[in-house]
Amino acid sequence: MSDLADVFHDAPLDESLRSGVAAAALEVRRVDDADRAQTDAWLEAVSRGFLDPERTEVQRQAYFDHTAHRRKVAVYDAGAPQPEIPVATFASWGTELSVPGAIVPACAISSVTVAPTHRRRGLLRHLMAGELRTAASLGFPLAALTVSESSIYGRFGFGAAVTAAGWEIDVRRAGWVGPAASGRIDFVSRERGRELAESLHDRIRPGMTGEVGRPGGQWDHAFGTRPDAEKAERLRVLQYRGDGGEVDGLVLYAVTENEADFASSAIDVTMLLAATDAAYASLWQFLLSMDLIATIRVGELAIDEPLWWMLADQRAATITLRDHHYLRVLDVPAALGARRYNAADTVVLEVDDPLGIAGGTFVLSVDESGAASIDPVDHAPLGELAVRTGITELSAILLGGVSPVTLAKAGRIQTDDPARVARVFATTEAPRLSFWY
Ligand SMILES: CC(=O)SCCNC(=O)CCNC(=O)[C@H](O)C(C)(C)COP(=O)(O)OP(=O)(O)OC[C@H]1O[C@@H](n2cnc3c(N)ncnc32)[C@H](O)[C@@H]1OP(=O)(O)O
C-alpha cells in the first residue's frame with residue numbers, strides 16, 4: 001500500500017459522522033481487520049445487504065485473508081438482538097486511477113449497505129459525507145466506485161465517468177477483417193495466468209484511462225486461485241506471446257456447453273488483457289475461430305473497441321451500454337491538474353458542491369503541451385469563458401467519457417461556448433474500467 005493508503009486506512013472517523021450516527025442512538029466504529037469475529041459479523045451484514053446467502057466458513061476465512069487493506073466502517077445498533085452484526089457497512093481503500101496522461105491516487109469505495117430494518121434514516125448520507133471528508137482532508141483528489149443502482153450516488157457528487165459496453169457476438173456471422181494473427185497462443189494453468197495477469201495489468205493500466213489498480217485478492221478471485229472461488233474448474237486461460245517471446249496478452253474465459261447442440265456452445269470472456277495491438281487482434285481472432293463456439297459474451301469493454309472494426313459483419317455483435325465507473329472529484333486543482341488536455345485555452349470553472357468539499361471558482365489554463373494549472377479565485381475573471389457545473393458533472397467530464405457539448409445540450413452544465421470547452425477536455429480514446437469492485 002502507498003503511504004496515503006496506509007494513513008487513510010487507519011485514520012480516525014470524521015466527527016460529524018460520529019455525532020450524526022449518535023443522534024440516531026446508534027454507534028459508528030471502524031472494524032478491526034485483525035479481529036476475525038468482527039470481520040465475520042461485518043461480512044454477514046454485507047452479504048445480507050447485497051441479498052446474498054450466509055457465508056460459509058471457507059468464504060469467511062478467505063474474506064478475512066484478502067480484505068485487510070479495506071478500511072471497513074460499521075454502524076451498530078446496541079438494541080438489536082444481534083448487536084455485533086452491523087446495521088450499515090462502508091468500505092474504502094487507497095488505489096490509483098488512470099486519467100489522460102497520468103495516474104492519480106483515488107479513494108475506492110465498496111460494500112455500501114444499510115440493513116432493510118434501518119434504511120432511509122440517513123445512514124448512507126452520514127457515512128458517505130463523513131468518509132469523503134476524511135479522504136479529501138488526507139489528500140485524495142478523487143473518490144471512485146461501481147454501483148448496484150444508478151440512482152444512488154449522483155446526490156453525493158459522483159458522476160458516471162466511464163460507460164461499459166457488454167457484447168454478445170454471433171460467432172458464425174462475425175467474420176474477420178482484422179490483421180492476420182501473429183505470435184503464438186498457448187493454454188496455461190490458472191495459477192500461471194494469475195501470476196501473469198497482475199504484471200500485464202500494470203503494463204497496460206497507465207494507458208487505459210478509467211482503470212484502477214486491482215487488489216491482489218481480486219486477481220485470485222478472478223482466476224479461481226483462492227479457496228472460496230466458485231466454479232473455478234470451468235475457467236480456461238490462454239496466453240499470447242509476441243514475436244519477441246514476451247507474454248503480451250492473456251484471456252480468461254469459461255465455456256458453457258450446449259448439450260442439445262455441441263456446435264452451439266458459448267464462452268464468457270471474463271478478462272482480456274492485451275499490452276500490444278498484435279496481442280489484442282490475435283487473441284480476438286483466436287476466440288472467434290474456436291470450434292464448437294457459436295456465441296461469445298464479454299462485458300466491461302470500452303465504447304470504442306477496435307474489435308468493432310475487426311468484424312466483417314458488425315451486426316454480429318449486440319452491444320449493450322451501461323453506466324459503470326463513477327468518479328467524485330474531492331479536490332479540483334489536484335484532480336484536474338493531474339491530467340493532460342487536448343487544446344491550449346483558459347476556462348473558468350464555477351463548481352457547485354452540495355457537500356461543501358470541493359466547490360469554488362477555478363481558472364483552468366492549459367498550455368501548448370497540454371499541461372494545466374488550476375488556480376482557485378474569489379470571482380470569475382471578466383472576459384474569460386466560464387462554465388457553471390455541479391461537482392457531479394465535472395466528475396463525469398474529467399476522463400473525457402462525455403463531451404461538455406452533450407452535457408450542455410442536456411442542460412447539465414451552462415456555458416456560452418460548449419464546443420470550445422469540449423476541445424479542451426477531448427481525448428482520443430474512450431475511458432474504460434475492465435472490472436467491478
Ligand atoms: C458502491 C457500492 O457499494 S454500491 C451498493 C449500494 N448498496 C446496495 O445496493 C445494497 C442495498 N441498498 C442499501 O443497502 C441501502 O438502501 C442504500 C445503502 C442504497 C441506501 O441507504 P440509506 O441509509 O437508506 O440511505 P439514506 O437514508 O442515507 O438516503 C440518502 C438519500 O439517498 C436516497 N436513496 C437511498 N437509497 C436510494 C436508492 N436505492 N435509490 C435512489 N435513492 C436512494 C434517499 O432517498 C435519500 O435522498 P435525499 O437525500 O434526497 O433525502
Side-chain angles (χ1 to χ4, degrees), residues 8 13-14 16-28 31 41-55 63 67 69-77 80 85-95 97 106-135 140 142-162 164 210 212 214-215 217-218 221 300 322-328 330 352-357 390-392 395-396 433 435-437:
F8 176 65
L13 292 172
D14 176 79
S16 48
L17 165 56
R18 277 188 196 285
S19 57
V21 171
L26 303 168
E27 192 189 356
V28 60
V31 172
W42 152 279
L43 178 59
E44 173 58 16
V46 174
S47 305
R48 217 164 51 184
F50 284 123
L51 314 181
D52 292 331
E54 269 180 32
R55 299 296 164 152
Y63 189 83
T67 61
H69 66 285
R70 289 182 170 213
R71 170 184 167 90
K72 306 183 189 78
V73 178
V75 176
Y76 297 93
D77 183 345
I85 298 184
V87 295
T89 62
F90 191 107
S92 49
W93 64 96
T95 185
L97 170 76
C107 173
I109 296 170
S110 184
S111 302
V112 175
T113 70
V114 172
T117 47
H118 289 67
R119 69 193 278 277
R120 306 301 182 270
R121 301 186 200 174
L123 286 181
L124 169 60
R125 179 168 285 283
H126 286 308
L127 286 164
M128 182 59 83
E131 287 296 90
L132 289 181
R133 274 194 295 268
T134 299
F140 279 110
L142 293 149
L145 45 78
T146 56
V147 303
S148 58
E149 284 190 88
S150 309
S151 51
I152 303 173
Y153 295 102
R155 61 172 52 75
F156 301 119
F158 286 85
V162 178
V212 290
R214 196 165 173 160
Q218 279 217 4
H221 198 264
E300 289 77 52
R322 183 177 24 74
D323 55 311
H324 184 40
H325 205 188
Y326 281 71
L327 298 186
R328 206 283 184 203
L330 298 172
D352 178 46
D353 182 350
L355 294 189
I357 294 174
I391 195 74
T392 301
S395 301
L433 173 68
F435 63 100
W436 293 73
Y437 60 87

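All figures in this text were calculated on a predicted structure; none of them were measured in a lab. One-based numbering, in listed order, for ligands and for the atoms of each.
- The cationic atom of Arg328 (NZ for Lys, CZ for Arg) does not lie both less than 6.0 Å from the six-membered ring centre of Phe156 and within 45° of the ring axis.
- Formation of a donor-acceptor pair under 3.5 Å by the His324 side chain with backbone atoms of Leu433 is found in this model.
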Does ligand 1 have any N/O atom under 3.5 Å from a protein N/O, and what are those pairs and their distances?
from, atom 1, to, atom 2, distance (Å)
ligand 1, 3 (O), Ser111, N, 3.4
ligand 1, 3 (O), Val112, N, 3.1
ligand 1, 7 (N), Val112, O, 2.8
ligand 1, 9 (O), Ser148, OG, 2.5
ligand 1, 14 (O), Val114, N, 2.8
ligand 1, 14 (O), Val114, O, 3.2
ligand 1, 16 (O), Arg120, NH1, 3.0
ligand 1, 23 (O), Leu124, N, 3.1
ligand 1, 24 (O), Arg120, N, 2.6
ligand 1, 24 (O), Arg120, NH1, 2.7
ligand 1, 27 (O), Arg121, N, 3.4
ligand 1, 27 (O), Gly122, N, 2.9
ligand 1, 28 (O), Leu124, N, 3.1
ligand 1, 28 (O), Arg125, N, 2.9
ligand 1, 32 (O), Arg155, NE, 3.3
ligand 1, 32 (O), Arg155, NH1, 3.3
ligand 1, 36 (N), Arg120, NH1, 3.2
ligand 1, 36 (N), Arg120, NH2, 3.3
ligand 1, 39 (N), Glu149, OE2, 2.7
ligand 1, 40 (N), Ser151, OG, 3.1
ligand 1, 42 (N), Arg155, NH1, 3.4
ligand 1, 47 (O), Arg155, NE, 3.4
ligand 1, 49 (O), Arg125, NE, 3.4
ligand 1, 49 (O), Arg125, NH2, 2.8

Between side-chain atoms of residues 112-122 and protein atoms elsewhere (two or more places apart, or another chain), which donor-acceptor pairs fall under 3.5 Å?
from, atom 1, to, atom 2, distance (Å)
Thr113, OG1, Thr89, OG1, 2.6
His118, NE2, Asp77, OD2, 2.8
Arg121, NH2, Thr117, O, 2.9

Stepwise, does the side-chain contact (heavy atoms from CB on, under 4.5 Å) test hold for Leu145 with Met128? CA-CA 12 Å; Leu145 45 78; Met128 182 59 83; 4.1 Å; yes
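- With sequence neighbours left out, Tyr437 forms a side chain to side chain donor-acceptor pair (under 3.5 Å) with His325.
- A search for salt bridge (charged side-chain N to carboxylate O under 4.0 Å, His left out) contacts involving Asp52 returns Arg55, not counting sequence neighbours.
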